Amino acid sequence: MEFHLGRLIDHVHLRVVDLEASKRFYLAVIASLGRANSFVEGNGNFHIDELFVDKADGPVSRVHLAFQAPDRETVAAFHRAALEAGGRDNGAPGERSYHPGYYGAFVFDPDGNNIEAVFHGEATRSAESVVVTPIAK
């Protein structure tokens, strides 16, 4: 069975209490996933591919985000990096009963969001990522 990624969600916007704590946390976890080169810092915000984070001027976000991992070792590295960067454990790396081959780890980020790294088993991708180039008008 094949499935598609990158077609439904345009971006996820997290509103956080402590932008610096969140920046330390997310830099550590995306580095553990091999995606540190996609971190971009702006004026009072940062983004990593489809994830946009800024300081809340009202309620903070409460979401579950699942990052893709290329293998079980990367799931474990994510979990270690998240805990070392101030995350709180919400499920050590291991098999889950969601479907055969589901291997994940869960942590709470500094604002209490449930952050996961998941490996769904060996698979072939049609492309590493979808590249969008805006057309100049």
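Since we're looking at a predicted model, the values are computed, not measured.
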Is there side-chain contact between [X] and [Y], with heavy atoms separated by less than 4.5 Å?
X	Y	result
I48	V40	no
V107	F25	yes
F106	H64	yes
Y102	H120	yes
L27	F46	no
L51	H11	no
R88	L83	no
L65	N114	no

Rounded distance (nearest 0.5 Å) linking atom [atom1] of [X] with atom [atom2] of [Y]:
X	Y	atom1	atom2	value
E73	F119	CD	CZ	8.5 Å
E122	D71	CD	CG	8.0 Å
L14	S22	CG	OG	7.5 Å
N45	L19	CG	CG	7.5 Å

Can a donor-acceptor pair be found, under 3.5 Å and without considering hydrogens, that links the side chain of [X] to the backbone of [Y]?
X	Y	value
S32	A81	no
R62	D111	yes
K55	G44	no
N113	I115	no

Check [X] against [Y] and note the closest heavy-atom contact, atom names and distance.
X	Y	result
P110	A21	CG-O, 3.8 Å
G104	V75	C-CG1, 3.7 Å
A56	P59	CB-O, 3.8 Å
T74	L33	CG2-CD2, 3.6 Å

Show your reasoning for whether side chain to side chain contact (heavy atoms under 4.5 Å, CB included) applies to H47 and V53. CA-CA 6 Å; H47 65 92; V53 181; over 6 Å; no

Electrostatic pair D49:R35 at N-O distance under 4.0 angstrom: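 Salt bridge absent between D49 and R35.
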
Between the side chains of K23 and D18, is the shortest nitrogen-to-carboxylate-oxygen separation below 4.0 Å, so that they form an ion pair?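 Result for this pair is no, no salt bridge flagged.
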
Given side chain to side chain contact (heavy atoms under 4.5 Å, CB included), test H79 with D89 step by step and report yes or no. CA-CA 8 Å; H79 192 254; D89 182 42; 2.7 Å; yes

Out of curiosity, does V17 fall in the hydrophobic cluster containing F108 (side-chain heavy atoms, cut-off under 4.5 Å, transitive links)?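 Hydrophobic grouping puts F108 apart from V17.
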
Determine whether more than 12 heavy atoms belonging to other residues, nucleotides or ligands lie under 6.0 Å from atom CD of E41.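 Atom CD in E41 is crowded, with more than 12 foreign heavy atoms closer than 6.0 Å.
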
Report the relative orientation of the aromatic rings in H13 and F52; use parallel for angles under 30°, tilted for 30 to 60°, perpendicular for over 60°.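 Perpendicular: the ring planes of H13 and F52 meet at over 60°.
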
